[in-house]
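Note that this is a predicted model, so its numbers are computed, not measured.
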Amino acid sequence: MRSYRELFRTPEFTPFFVAASAQTVAQTMGGLALGTLVHRATGSPLLSAVSMFGSSLVQVLGATVLLSAADRLPPRAALTALPLLFAAATAALALPGLPVPWLFAIVLARGLVESVGGGVRWGLLNEILSKDGYLLGRSAFNMMSGLMQIAGYATGGALVALLSPRLSLLAAAGLYGAAAVVVRLGLTRRPPRTAGRPSAAVTWRANVLLWSSPPRRQVYLALWIPNGLVVGCESLYVSYAPDSAGTLFACAALGMLAGDVLVGRVLPPRLRSRLGFPLLLLLAVPYVVFLLRPALPLAAAAVTLASVGFGASLVQQERLVALTPDGLTGHALGLHSAGMLTMQGVAAALAGSVAQLTSPAAAMTAMAVASAGVTLLLMGAAKREEPRTVGRADGLSGG
């Protein structure tokens, strides 16, 4: 599969894509509205950051206990039920007078459910397209995510400014409901990819198997940590520029879109495979300019450039799919999604804590430096692993 035209000619891809687009807009609109609502109520950078990304904190629990369900649930039924649950949770967040502790309880409960959704969604994409089309398909989804985030943050920012955060949350709930309808009507019924009942024990055994491979382990670390630390920077946009956070989020989405087009469509495979780590460095380095507390135009330019580096995840996901047995594809991709979101939640809490003690600008700079440092460490580990990998391969071929 070589073109986006072929993608959209594939049966079921278009409704699957449309439903995911609606959910992305809903998530960005709802996140911005919720962060603004909490910031207005508390004035706390930490609580504002955690309200937007706190649902990610419980992803690790879902990855430990629930993730085996990703390959053991009927995909259409699961992907219909999940957005309906998100719609109900988002509408509940809009209730007037909802105490902040209850708000965070809803956010964390939603995150626990989300931990299964990534595995179901990306495992189904791998079924619809097969492995040879997975990278192009994820590229299309990531491009969509960038465009829908721009639309979501722009629309959400306008609704928050002109009306109220609560009305923006209700609009997001409506979009989740629409996504559920599209999935139910547009996808065919499929059996689960793996037989058996989901359980914590099965989840744990599969996690151990996936983690036992050093190449897969390095891919997971590269997918989770540098990305997550930079999302910690993003979690402080509301605190850094309360009246212009939507602009910064939209610029980040624009940069991510450019990176996904570059990696998914422009670069040849041989060059693409070499750019994973350089793109991760690009993801972090431009944020160092925030040490100077730049005005909005320079801040927006830095955010846009940095977000091109999110294209690194396509390189790493392609390698992860290649390293994973077919029966564990949904689980492996769900583990990637859950670990990535968990790290984003941890980084958001960490960034908010540092900002509480210093300033949003100082915290963003610190998170960027940490991300670049981790990337350099992973680069060194990968170079040390290469000779051993080649040696093992030579030994096998010689036997």
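Checking side-chain atoms of Arg121 against main-chain N and O of Leu79 turns up no donor-acceptor pair under 3.5 Å. Side-chain N or O atoms of Thr80 include one that pairs as donor or acceptor with a backbone N or O of Arg76 at under 3.5 Å. Formation of a donor-acceptor pair under 3.5 Å by the Thr365 side chain with backbone atoms of Ala361 is found in this model. A donor-acceptor distance shorter than 3.5 angstrom exists from the side chain of Ser235 to the backbone of Gly232, with no hydrogens or angles considered. At distances below 3.5 Å, not a single donor-acceptor pair connects side-chain atoms of Arg216 with backbone N or O atoms of Trp211. Using a distance-only test at 3.5 Å, with no hydrogens or angles considered, no donor-acceptor pair links the side chain of Thr90 to the main chain of Ala87.
Closest heavy-atom contact between Leu236 and Ala363: CD1-CB, 3.5 Å. Taking each heavy atom of Ser239 and Pro242 in turn, the nearest pair found is O-CD, 3.9 Å. The two atoms that bring Ala368 and Cys233 nearest to each other are N-SG, 3.9 Å, heavy atoms only. Of all heavy-atom pairs between Ala33 and Leu169, the closest is CB-CG, 4.0 Å. Ala284 and Val230 make their closest contact through CA-CG2, 4.1 Å (heavy atoms, listed as atom of the first residue, atom of the second, distance). When every heavy atom of Ala19 is checked against every heavy atom of Val183, the shortest pair comes out as CB-CG2, 3.5 Å.
For the pair His336 and Leu320, the minimum side-chain heavy-atom distance is below 4.5 Å. Under the 4.5 Å side-chain criterion, counting only non-hydrogen atoms from C-beta, Leu248 is not in contact with Glu234. Under the 4.5 Å side-chain criterion, counting only non-hydrogen atoms from C-beta, Leu93 is in contact with Arg110. Side-chain atoms of Ser313 and Met340, non-hydrogen and from C-beta on, never get closer than 4.5 Å to each other. Side-chain contact check for Leu175 versus Gln23: every heavy-atom pair is 4.5 Å or farther apart. Looking at heavy atoms from C-beta onward, Val25 lies in side-chain contact with Met29 at the 4.5 angstrom threshold.
One distance of note links OG1 of Thr24 with CZ of Phe141; it measures 8.5 Å at 0.5 Å rounding. A distance of 9.0 Å separates OG1 of Thr28 from CE of Met148, quoted to the nearest 0.5 Å. Atom-to-atom distance recorded for Ser21:OG and Met144:CE is 4.0 Å, nearest 0.5 angstrom. Taking CG of Leu378 as the reference point, atom CD of Gln316 lies at 9.0 Å (rounded to 0.5 Å). Taking CG of Leu257 as the start and CG of Leu262 as the end, the distance is 11.0 Å to the nearest 0.5 Å. The distance from atom CG of Leu32 to atom CG of Leu159, rounded to the nearest 0.5 Å, is 9.5 Å.
Applying the side-chain hydrogen bond (donor to acceptor under 3.5 Å, both in side chains) definition to pairs two or more places apart or across chains, none involves residues 372-382. Evaluation of the ring-ring contact (aromatic ring centres under 6.0 Å, His included) test over residues 154-183, restricted to residues two or more places apart or in two chains, returns Phe86-Tyr176. Identified under the ring-ring contact (aromatic ring centres under 6.0 Å, His included) test for residues 258-281, with sequence neighbours left out: none.
One hydrophobic cluster holds both Met367 and Leu221 under the rule that ILVMFWY side chains link at heavy-atom gaps under 4.5 Å. Hydrophobic clustering of Ile, Leu, Val, Met, Phe, Trp and Tyr side chains at less than 4.5 Å, counting indirect connections, keeps Val182 apart from Ile128. In terms of hydrophobic clustering, with Ile, Leu, Val, Met, Phe, Trp and Tyr side chains grouped at heavy-atom distances under 4.5 Å, Leu281 and Met364 are assigned to a common cluster. Criterion: ILVMFWY side-chain heavy atoms under 4.5 Å apart, direct or through other members. Under it, Val261 and Val315 are part of a common hydrophobic cluster. Using a 4.5 Å cut-off between side-chain heavy atoms of Ile, Leu, Val, Met, Phe, Trp and Tyr, with links allowed through other members, Met379 and Leu282 fall into the same hydrophobic cluster.
With sequence neighbours excluded, the residues forming a side chain to side chain contact (heavy atoms under 4.5 Å, CB included) with Leu271 are Leu267, Pro268, Leu275, listed by chain and number. For Tyr220, the ring pair (Phe, Tyr, Trp, His ring centres under 6.0 Å) test picks out Trp224, with sequence neighbours left out. Scanning for side chain to side chain contact (heavy atoms under 4.5 Å, CB included) contacts around Arg166 gives Leu37, Ala94, Pro96, Ser164, with sequence neighbours left out. With sequence neighbours excluded, no residue forms a side chain to side chain contact (heavy atoms under 4.5 Å, CB included) with Leu377.
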Step by step, work out the side chain to side chain contact (heavy atoms under 4.5 Å, CB included) result for Leu124 and Leu187.
CA-CA 10 Å; Leu124 178 58; Leu187 299 184; 3.9 Å; yes
Assess whether side chain to side chain contact (heavy atoms under 4.5 Å, CB included) is satisfied between Val219 and Leu223, documenting all intermediate values.
CA-CA 6 Å; Val219 172; Leu223 280 165; 3.8 Å; yes
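Membership of an apolar cluster is not assigned to Leu84, as no side-chain contact below 4.5 Å to another ILVMFWY residue is traced. Val181 belongs to a hydrophobic cluster with Leu185, counting contacts under 4.5 Å between side-chain heavy atoms of Ile, Leu, Val, Met, Phe, Trp and Tyr, direct or through other members.
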List the atom pairs, donor and acceptor, that lie under 3.5 Å between side-chain atoms in residues 11-18 and the rest of the protein, sequence neighbours left out.
{"unit_1": "Glu12", "atom_1": "OE1", "unit_2": "Thr188", "atom_2": "N", "d": "2.8"}
{"unit_1": "Glu12", "atom_1": "OE1", "unit_2": "Thr188", "atom_2": "OG1", "d": "3.0"}
{"unit_1": "Glu12", "atom_1": "OE1", "unit_2": "Arg190", "atom_2": "NH1", "d": "3.0"}
{"unit_1": "Glu12", "atom_1": "OE2", "unit_2": "Thr188", "atom_2": "OG1", "d": "3.3"}
{"unit_1": "Glu12", "atom_1": "OE2", "unit_2": "Arg190", "atom_2": "NH1", "d": "3.0"}
{"unit_1": "Glu12", "atom_1": "OE2", "unit_2": "Arg190", "atom_2": "NH2", "d": "3.0"}
{"unit_1": "Thr14", "atom_1": "OG1", "unit_2": "Phe8", "atom_2": "O", "d": "3.4"}

Using atom types as modelled, flag every donor-acceptor pair under 3.5 Å from a side chain in residues 285-307 to any protein atom, sequence neighbours excluded.
{"unit_1": "Tyr287", "atom_1": "OH", "unit_2": "Tyr237", "atom_2": "OH", "d": "2.5"}
{"unit_1": "Arg293", "atom_1": "NH2", "unit_2": "Ser359", "atom_2": "OG", "d": "3.1"}
{"unit_1": "Thr304", "atom_1": "OG1", "unit_2": "Ala300", "atom_2": "O", "d": "2.8"}
{"unit_1": "Ser307", "atom_1": "OG", "unit_2": "Ala252", "atom_2": "O", "d": "3.3"}
{"unit_1": "Ser307", "atom_1": "OG", "unit_2": "Val303", "atom_2": "O", "d": "2.9"}

Pairs of donor and acceptor atoms involving the side chains of residues 97-107, under 3.5 Å and at least two apart or interchain, shall be tabulated with distances.
none

